[in-house]
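Notes follow once the structure below has been shown.
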Number of protein chains: 2
Amino acid sequence: MKDVVTACPVEDVMRVLRGRWRSLLLYYLVNGPKRFSDLQRDLPGISQRMLTLDLRELEAEGLVARTVYPEAPPRVEYALTDDGERILGLLNALGDHWADMRARRKAMAA
Amino acid sequence: MKDVVTACPVEDVMRVLRGRWRSLLLYYLVNGPKRFSDLQRDLPGISQRMLTLDLRELEAEGLVARTVYPEAPPRVEYALTDDGERILGLLNALGDHWADMRARRKAMAA
DNA sequence: CAGAATCCATACTGATACTG
DNA sequence: CAGTATCAGTATGGATTCTG
């Protein structure tokens, strides 16, 4: 994915967060660093390929930090950066509003 | 697109806003109702097909209201709902943070 | 004007097998 | 464990043509 910059920052973030797993990945990193295999367990259904690609993309965008511990067997940890935490905070606000919205609409329908 | 509801509201909103044009569409509706042809001008490159599909989806999700004025030639206006405005507000906050982030990263690189 | 219908291109995602 | 490589399917988006 190219680092395209448009006139609209909203469009830019959304392009980065668009993938099926990306926001969810941030979501599961909120409680501290996790390993590759931990994340595979958290996101049932994700393939190794997508987990790798999405982590790399989020890392390139500065939302996730990747740390390799040179041991055998190898250990790699992924953590939210400060920017990642801020973005996730806003995503959660978005999710909360959405949940409220749905609840109200459901109540209306009843 | 199915109205799937997962355990994570963030995932749910993101699924709705994921499309290439959706967030941008909300963005351009913030200054009051617009007609189909207005939106085509605002979003250079969007096809009629996608504009129609995305507007319908946003309408189904309660973010956009569609009003038909039975005239000849037909006139149709699209406007943000209250929920749509709230969601857009949060998207803009997200965009602002993103812009800040990029500015800081650019300054660091220099 | 505001679409609907059809066909086509590509981007995104997943399954599987293999490696240091 | 933490990936990479390859192949293939599905979803998304675009071009074109047609209509009330």
Side-chain angles (χ1 to χ4, degrees), chain A residues 1-4 6 8 11-26 28-29 32-61 64-79, chain B residues 1-4 6 8 11-29 33-61 64-79:
Chain A
M1 184 175 299
K2 296 296 176 51
D3 198 17
V4 185
T6 69
C8 174
E11 195 182 355
D12 295 337
V13 220
M14 292 305 288
R15 194 197 338 276
V16 172
L17 301 176
R18 179 173 300 163
R20 172 169 170 189
W21 307 102
R22 304 229 176 129
S23 55
L24 214 49
L25 219 34
L26 298 181
Y28 278 112
L29 283 175
K34 293 211 177 185
R35 304 180 60 172
F36 192 89
S37 50
D38 294 332
L39 292 169
Q40 275 192 303
R41 267 183 292 278
D42 289 335
L43 285 68
I46 195 173
S47 63
Q48 288 185 325
R49 170 186 155 82
M50 289 314 299
L51 184 51
T52 301
L53 290 179
D54 285 343
L55 283 170
R56 291 290 142 78
E57 173 71 13
L58 293 174
E59 188 191 358
E61 295 293 342
V64 163
R66 178 175 185 267
T67 310
V68 182
Y69 298 90
E71 311 167 352
R75 188 161 63 92
V76 179
E77 281 190 350
Y78 296 91
Chain B
M1 184 175 297
K2 296 296 176 50
D3 198 17
V4 186
T6 68
C8 174
E11 195 181 354
D12 295 338
V13 220
M14 292 306 288
R15 193 196 340 276
V16 172
L17 301 176
R18 180 172 301 164
R20 174 169 169 189
W21 307 101
R22 303 228 176 130
S23 55
L24 213 50
L25 219 34
L26 298 181
Y27 188 80
Y28 279 113
L29 283 175
K34 293 213 175 181
R35 304 179 60 172
F36 192 88
S37 50
D38 294 332
L39 292 170
Q40 275 192 302
R41 266 183 293 279
D42 289 335
L43 284 68
I46 196 172
S47 62
Q48 289 185 327
R49 169 188 156 80
M50 288 315 298
L51 184 51
T52 302
L53 290 179
D54 284 343
L55 283 171
R56 291 290 143 79
E57 173 71 12
L58 292 173
E59 189 191 359
E61 294 294 342
V64 163
R66 178 174 185 267
T67 310
V68 181
Y69 298 91
E71 312 166 352
R75 188 160 64 91
V76 180
E77 281 190 349
Y78 295 91

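In the text below, chain A, chain B and the rest are named by the order of the sequence lines, each starting its count at 1. On a predicted model such as this, the values are computed, not experimentally measured, just so you know.
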For this session: Take B/L58 and B/L29 through the test side chain to side chain contact (heavy atoms under 4.5 Å, CB included) and record every step on the way to the result.
Result: CA-CA 12 Å; B/L58 292 173; B/L29 283 175; over 6 Å; no
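- In the helix from C/dC1-D/dG20 to C/dG20-D/dC1, the rotation axis of the first five pairs and that of the last five pairs differ in direction by 50°, rounded to 10 degrees.
- One can place CZ of A/R66 at 16 Å from P of D/dC1, the figure rounded to the nearest angstrom.
- Here the CD atom belonging to B/E57 is positioned 11.5 Å from the CG atom belonging to B/L25, to the nearest 0.5 angstrom.
- Applying the side-chain contact (heavy atoms from CB on, under 4.5 Å) rule to A/P74 yields no partners; only residues at least two apart in sequence or on another chain are considered.
- Looking at A/L51 and A/W21, their side chains never come closer than 4.5 Å, going by heavy atoms from C-beta outward.
- Contact check for A/R35 versus A/V76: no side-chain heavy atoms found under the 4.5 Å cut-off.
- For A/E71 and D/dC1, the CD to P distance is 14 Å, given to the nearest whole Å.
- For the pair A/Y78 and D/dG3, the criterion of a side-chain N or O lying under 4.0 Å from OP1 or OP2 is met.
- Atom-to-atom, CG of A/L53 to P of C/dA11 comes out at 15 Å; the value is rounded to the nearest Å.
- Put simply, CG on A/L55 is 11 Å from C1' on D/dA2, counting in whole angstrom units.
- Residues satisfying the salt bridge (Lys or Arg N to Asp or Glu O under 4.0 Å) test with B/R66, not counting sequence neighbours, are none.
- If you take CG on B/L26 and CG on B/L17, they are separated by 6.5 Å, rounding to the nearest 0.5 Å.
- Taking side-chain N and O atoms only, B/R18 has no distance below 4.0 Å to OP1 or OP2 of D/dT12.
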Below 3.5 Å between N/O atoms, which protein atoms pair up with nucleotides 16-20 of chain C? Just atom names and distances, please.
| unit_1 | atom_1 | unit_2 | atom_2 | d |
| --- | --- | --- | --- | --- |
| C/dA17 | N6 | A/Q48 | OE1 | 3.4 |

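- Within the 3.5 Å criterion, the main-chain N or O of B/R18 finds a donor-acceptor partner in the side chain of A/R18.
- Nucleotide D/dG13 holds its P atom 12 Å from the CG atom of B/L25, rounded to whole Å.
- Here the P atom of nucleotide C/dA9 and the CE atom of B/M50 are 18 Å apart, to the nearest Å.
- As a whole-Å value, the separation of B/Y69 OH from D/dG20 C1' is 21 Å.
- Look at A/R20 and you'll find a side-chain N or O under 4.0 angstrom from OP1 or OP2 of C/dG14.
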Which donor-acceptor pairs under 3.5 Å do the side chains of residues 40-48 of chain A make with protein atoms, sequence neighbours left out?
| unit_1 | atom_1 | unit_2 | atom_2 | d |
| --- | --- | --- | --- | --- |
| A/R41 | NH2 | A/D38 | OD1 | 3.2 |
| A/D42 | OD2 | A/K34 | NZ | 2.7 |
| A/S47 | OG | A/M50 | N | 3.2 |

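- Here A/E59 contributes atom CD and A/D54 contributes atom CG; the two are 12.5 Å apart, rounded to the nearest 0.5 Å.
- Within residues 37-45 of chain B, the residues approached by DNA chain C to less than 4.0 Å at the level of any non-hydrogen atom are B/S37, in residue-number order.
- The separation between A/W21 atom CH2 and C/dT13 atom P is 10 Å, rounded to whole Å.
- A donor-acceptor pair under 3.5 Å is formed between the side chain of B/R22 and the backbone N or O of B/V16.
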